[in-house]
Amino acid sequence: MSSTRTALRTTGVAVRAMLILTLVLGIGYTLVVTGIGQLLLPWQANGSPLPDGKGSSLIGQSFTDADGEALPEYFQSRPSAAGDGYDGTSSGGSNLGPENPDLVTAIQERKQAIATREGVDPSEVPADAVTASGSGLDPHISVAYALLQVPRVAEARDLPEAEVRALVESRIQGRDLGFLGEERINVAELNLALDEREGA
């Protein structure tokens, strides 16, 4: 009889502990952390959304037509190996090594296509223009790749080249902590700024 009571008491303690810990850690902690995020960093806590629900500034986007051709009036992102391109549910690189023949061929084809589109020599095409990031979701391009695209975008939008270049330069994001990584430009934010300037 005493062993049955002991077992019931132990079970009751375990159930109460589980319920209390579920409330404190599963619900209470989540609400506190969410509240702090909303108070201190609401933009980041909500996924860094772009205006008008046009996606997140943390995930790259494609600026192409239905056939996959680059829209001339927009700056182009780097390639993506995530799903069908910039698929947040399929983050990942191609997993092809630098000597893989398929990757080498793809890079050469991309380099030639970009050189033709931008009217430059293939040797002037930056590496990030022809290679995907490790996640396949990188929203940034190098300053060199953005500047390479200025003449095409300016012509397509019938804007002075100097004006488009100035907009690009105003959007340069510095190195993290002043020394990590490289200077970069968020493509979606740059294209939105272009649209807003023309709509103003």
Side-chain angles (χ1 to χ4, degrees), residues 48 50-51 54-82 84-87 93-94 96 98-100 102-176 178-200:
S48 305
L50 292 167
K54 294 182 179 177
S56 169
S57 67
L58 300 177
I59 296 180
Q61 297 184 28
S62 178
F63 296 93
T64 57
D65 61 20
D67 297 323
E69 296 296 321
L71 294 170
E73 68 272 23
Y74 287 107
F75 285 88
Q76 296 300 305
S77 305
R78 65 187 302 179
S80 172
D84 291 330
Y86 302 107
D87 181 356
S94 66
L96 299 177
E99 301 299 323
N100 183 287
D102 292 337
L103 181 62
V104 170
T105 300
I107 288 174
Q108 290 172 343
E109 290 173 353
R110 290 172 187 159
K111 186 175 281 193
Q112 187 58 55
I114 291 170
T116 301
R117 183 179 73 217
E118 306 300 342
V120 298
D121 189 88
S123 63
E124 297 179 53
V125 177
D128 66 302
V130 295
T131 55
S133 64
S135 68
L137 304 176
D138 190 352
H140 300 99
I141 58 174
S142 66
V143 176
Y145 187 30
L147 292 176
L148 183 76
Q149 300 180 66
V150 165
R152 169 181 51 80
V153 172
E155 182 180 356
R157 289 180 179 260
D158 197 26
L159 290 171
E161 197 171 307
E163 183 178 333
V164 177
R165 181 180 297 273
L167 182 62
V168 168
E169 291 171 347
S170 73
R171 291 280 166 175
I172 296 174
Q173 298 174 7
R175 293 177 170 87
D176 293 331
F179 66 95
L180 293 175
E182 297 295 328
E183 292 184 333
R184 60 206 181 277
I185 294 174
N186 187 296
V187 183
E189 291 178 355
L190 175 60
N191 285 332
L192 278 174
L194 270 171
D195 286 345
E196 288 170 4
R197 175 167 291 200
E198 285 208 318

For the residue pair S142 / D128, report whether a side-chain donor-acceptor contact shorter than 3.5 Å exists. yes
Nearest-0.5 Å distance, CZ of residue R165 to CG of residue L159: 14.0 Å
Compare every heavy atom of L96 with every heavy atom of L103, then report the nearest pair and how far apart it is. CD2-O, 3.6 Å
Pairwise distance CG(D176) to CD(E183) - rounded to 0.5 angstrom: 11.5 Å
Between atom CZ of F75 and atom CG of N191, what is the distance when rounded to the nearest 0.5 Å? 7.0 Å
Counting only N and O atoms by type, is there a donor-acceptor contact under 3.5 Å from the side chain of S80 to the main-chain atoms of G136? yes
Backbone N or O of G174 within a donor-acceptor pair of the R184 side chain at under 3.5 Å? yes
Interatomic spacing from CD in Q61 to OG in S56 - rounded to 0.5 Å: 8.5 Å
Taking atom CD of E189 and atom CD of E196, what is their separation to the nearest 0.5 Å? 10.0 Å
Which pair of heavy atoms, one from I141 and one from R78, lies closest together, and at what distance? CG2-N, 3.8 Å
side-chain hydrogen bond (donor to acceptor under 3.5 Å, both in side chains): pairs with one or both residues in residues 65-75, sequence neighbours excluded: Y74-D195
Under the 3.5 angstrom rule, does the side chain of E161 hit a backbone N or O of E155 as a donor-acceptor pair? no
Holding to side-chain hydrogen bond (donor to acceptor under 3.5 Å, both in side chains), I want the full list of residues that pass it with D87, two or more places apart in sequence or in another chain. T89, S90
Is the backbone of E118 close enough, under 3.5 Å, to the side chain of Q149 for a donor and an acceptor to pair up by distance? no
Identify, with sequence neighbours excluded, every residue that meets salt bridge (charged side-chain N to carboxylate O under 4.0 Å, His left out) alongside E163. R197
